[in-house]
S.K.: 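Quick one: the structure is below, and I'll ask about it shortly.
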Amino acid sequence: MSRTHLVIAIDGPAGAGKGTMARRLADHFHLNLLDTGLTYRAVAHRMLAYGLPLDNVSAAETAARQIDLATLDREVLSAHAVGEAASQVAVIPGVRRALVEKQRDFAKAAPGAVLDGRDIGTVVLPDADVKLYVTASAPVRATRRLREIEQRGGHADYGQILADIEKRDARDMGRADSPLRPAADAHLLDTSEMDIEAAFRAAVSLVEKALAARQD
Ligand code: C5P
């Protein structure tokens, strides 16, 4: 890998702000960006579109092998039901193997990349230059989600959102293959008390420190 190739791994639970963080870091350091959640969502979306049960392992593995990272449509994949289904197909080891291979290839392309997900620092890119674990308490994440929905003119029930978040956390943290957890060398950014701007500034300075250490 060239001296200028830079790879940043961002993990954390749903709604902690890691997507915004990933986008801002990719813009700031001029890197490619991959939201790996979309790859699991794309598999789930295909299964739902064909009316296939989410625990049909061989169909899910075939769908995962066919996913093309260049055609992921955030608009279509952002539906709540797709996210819920994604966390169900994400427990299938063959699905993970197929998607992780594509995610690693993405990270290899010049000039480097920011990948965000659940297992980027632990499994997908254990040698990433910088690893961040962006988190926030479940009630803070539920409040943010509720505000987003209301700002778009929608209505939702706080208790229901919180219950959904807790269920998804439990599934993502409790699964046997690649559970959500911070890598031993990840920097923890808790956005419960810190706003995203402060978290972003902290992340930029961690990346700059890693780049400076490389020059030595
Ligand atoms: O981040 P997002 O909500 O789009 O992810 C949807 C689901 O995909 C997560 O709940 C998780 O189960 C799964 N996922 C994963 N590993 C990743 C990214 C997402 O298991 N690297």
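Numbering of ligands and ligand atoms starts at 1, following listing order.
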S.K.: Any heavy atom of Q88 closer to ligand 1 than 4.0 angstrom?
M.R.: no
S.K.: What is the closest protein heavy atom to atom 12 (O) of ligand 1, and at what distance does it sit?
M.R.: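 That would be D172 OD1, 2.6 Å.
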S.K.: Give, for atom CG of D195 and atom CZ of R201, the distance between the pair rounded to the nearest 0.5 Å.
M.R.: 7.0 Å
S.K.: Side chain or backbone, does D35 bring an N or O within less than 3.5 Å of an N or O on ligand 1?
M.R.: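 No, no N or O pair falls under 3.5 Å.
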S.K.: Measuring only between side-chain heavy atoms, which start at C-beta, is R104 closer than 4.5 Å to V124?
M.R.: yes
S.K.: Among all protein non-hydrogen atoms, which one is nearest to atom 14 (N) of ligand 1, and what is the separation to 0.1 Å?
M.R.: Y40 CD1, 3.7 Å
S.K.: Taking only Lys NZ, Arg NE, NH1 and NH2, and the carboxylate oxygens of Asp or Glu, determine whether K102 and D105 approach each other closer than 4.0 Å.
M.R.: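 Looking at K102 and D105, the cut-off is not met.
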S.K.: Counting distance only, does the side-chain N/O of K131 pair as donor-acceptor with the main-chain N or O of G121 below 3.5 Å?
M.R.: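 Checked: pair present.
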S.K.: Hey, does R118 come in under 3.5 Å of ligand 1, counting only N/O atoms on both sides?
M.R.: yes
S.K.: In plain terms, say whether R141 and D169 are close enough for a salt bridge, that is, a side-chain N and a carboxylate O under 4.0 Å apart.
M.R.: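 Yes, this pair counts.
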S.K.: Among G15, S178, A86, which one puts a heavy atom closest to atom 7 (C) of ligand 1?
M.R.: A86
S.K.: What atoms of ligand 1 come within less than 4.0 Å of a heavy atom belonging to T36?
M.R.: 17 (C), 18 (C), 21 (N)
S.K.: Answer side chain, backbone, both or neither: which part of R171 comes under 4.0 Å from ligand 1, heavy atoms only.
M.R.: neither
S.K.: Give the residue and atom name of whichever protein heavy atom lies nearest to atom 4 (O) of ligand 1, and the separation in Å to one decimal.
M.R.: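 Scanning the protein heavy atoms, the shortest distance from atom 4 (O) of ligand 1 goes to R41 NE, 2.6 Å.
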S.K.: Would you call R175 a ligand 1 contact, heavy-atom distance under 4.0 Å?
M.R.: yes
S.K.: Just by distance, with hydrogens left out, do H45 and D73 show a side-chain donor and acceptor under 3.5 Å apart?
M.R.: no
S.K.: Can you name the nearest heavy-atom pair linking L99 to A64, along with the distance?
M.R.: CD2-O, 3.8 Å
S.K.: Quick check: R168 and ligand 1, any N/O pair under 3.5 Å apart?
M.R.: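 Yes, there is a polar N/O contact under 3.5 Å.
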S.K.: Please indicate whether any nitrogen or oxygen in R96 is less than 3.5 Å from any nitrogen or oxygen in ligand 1.
M.R.: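 Such a contact does occur with ligand 1.
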S.K.: Between A90 and ligand 1, which part of the residue brings a heavy atom under 4.0 Å of the ligand: side chain, backbone, both or neither?
M.R.: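 Side chain only.
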S.K.: Taking 4.0 angstrom as the limit, do R74 and D35 come out as a salt bridge?
M.R.: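 So R74 pairs with D35 through a salt bridge.
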S.K.: Report the C-alpha separation of R24 and E197 in whole Å, then their side-chain angles, then the decisive distance to 0.1 Å, and conclude whether the salt bridge (charged side-chain N to carboxylate O under 4.0 Å, His left out) test is met.
M.R.: CA-CA 10 Å; R24 292 195 59 182; E197 197 53 48; 2.8 Å; yes
